[in-house]
Amino acid sequence: MKRSIATLLLGVVFIAGSTFAQPPQKVIGAGLGAPFKAPYNQPAGTTRTLSRDTVYVLTGFYFVDSTATINIPAGTVVFGDSATGATLIIKRGGRMNATGTASQPIVFTSRKPAGSRQRGDWGGVVVLGNAPTNKPTTTQVEGIGAGGEYGG
């Protein structure tokens, strides 16, 4: 009897300390190993919903098309891959619904380990809008190239 209880307790400790408790990881965008700033276009008219139960690795330039939507729920973690220049770019007319809370924030950060992260590890989130600027025509975001127009 004592032996079976000890075996059961060891089994519980093993399961609690195993990797089963970690959320799965999913790569989105151009893919790990893709060329620097390789584009990935979320197709027009589509909706992509991320899950708070998955850790995402954003790679390359991820464009949300002008008629596409990306939903990011509270508690979602997105790591930007510096080797591919990871950047989330919402094109003019595209939508990003991101609803973080104080207790469940949406976290965008570098994929590098804590303590090794530096400014410029990844490109961040770029929202391109239609609002008028002090220029009479659309303007190109520096470093993005085609698909990086805003204003007008």
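As a basis for the values below, the full set of heavy atoms in this structure was taken, side chains included, without hydrogen atoms, waters or symmetry mates. Note that this is a predicted model, so its numbers are computed, not measured.
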(message) Restricting to non-hydrogen atoms, name the atom on A30 and the atom on G60 that form the minimum distance, rounded to 0.1 Å.
(response) CB-CA, 4.4 Å
(request) Report the C-alpha distance between R95 and V127 in whole Å, list the side-chain angles of each, state the deciding distance to 0.1 Å, and finish with yes or no for side-chain contact (heavy atoms from CB on, under 4.5 Å). (result) CA-CA 9 Å; R95 300 183 126 217; V127 180; over 6 Å; no
(request) Establish whether V126 and F108 are linked, either directly or via other cluster members, by ILVMFWY side-chain heavy-atom contacts under 4.5 Å. (result) no
(message) Between S82 and D121, do the side chains contain a donor N or O and an acceptor N or O under 3.5 Å apart?
(response) no
(message) Measuring only between side-chain heavy atoms, which start at C-beta, is L32 closer than 4.5 Å to T84?
(response) no
(message) If you define the side chain from C-beta out and look only at heavy atoms, does anything of T69 sit under 4.5 Å from M96?
(response) no
(request) Answer yes or no: is there a side-chain heavy-atom contact under 4.5 Å between D65 and Q42? (result) no
(request) Report yes or no: does T59 contribute a side-chain atom to a donor-acceptor pair with the main-chain N or O of I28 at less than 3.5 Å? (result) yes
(request) Answer yes or no for K37 and F61: cation-pi contact, defined as NZ/CZ to six-membered ring centre under 6.0 Å and angle to ring axis within 45°. (result) no
(message) Set out, in order, the CA-CA distance, both residues' side-chain angles and the distance that settles side-chain contact (heavy atoms from CB on, under 4.5 Å) for V141 and Y150, then state yes or no.
(response) CA-CA 7 Å; V141 172; Y150 69 94; 3.6 Å; yes
(message) If you define the side chain from C-beta out and look only at heavy atoms, does anything of I144 sit under 4.5 Å from E149?
(response) no
(request) Report the distance from atom CD1 of I72 to atom OG1 of T99, rounding to the nearest 0.5 Å. (result) 9.0 Å
(message) With rounding to the nearest 0.5 angstrom, report the CG to CD1 distance, L128 to I89.
(response) 7.0 Å
(message) If you define the side chain from C-beta out and look only at heavy atoms, does anything of L58 sit under 4.5 Å from D81?
(response) no
(request) With the side chain counted from C-beta on, respond yes when S110 and F79 share a heavy-atom pair under 4.5 Å apart, and no when they do not. (result) no
(message) Could you tell me if the side chain of L88 sits less than 4.5 Å from the side chain of F63, heavy atoms only?
(response) no
(request) Could you check if a side-chain atom of V107 sits within less than 4.5 angstrom of a side-chain atom of T76, using non-hydrogen atoms only? (result) no
(request) Any pair with a residue in residues 25-55 that passes ring pair (Phe, Tyr, Trp, His ring centres under 6.0 Å), sequence neighbours left out, goes on the list, sorted by first then second residue, please. (result) Y40-Y62
(request) Give a yes or no answer on whether the side chain of R117 reaches the backbone of K112 with a donor-acceptor pair at less than 3.5 Å. (result) yes
(message) Quick one: does any side-chain atom of T47 pair with a main-chain N or O of G45 as donor and acceptor, under 3.5 Å?
(response) no
(request) Following the transitive rule for hydrophobic clusters with a side-chain heavy-atom cut-off under 4.5 Å over Ile, Leu, Val, Met, Phe, Trp and Tyr, establish whether I90 and Y56 coincide in one cluster. (result) yes
(message) Would a single hydrophobic cluster contain both V64 and V78, if residues Ile, Leu, Val, Met, Phe, Trp and Tyr are joined by side-chain heavy-atom contacts under 4.5 Å?
(response) yes
(message) Keeping R92 on the side-chain end and G151 on the backbone end, is there a donor-acceptor pair under 3.5 Å?
(response) yes
(request) Go through the steps for N97 and I70 under the test side-chain contact (heavy atoms from CB on, under 4.5 Å), then give the verdict. (result) CA-CA 6 Å; N97 298 316; I70 186 165; over 6 Å; no
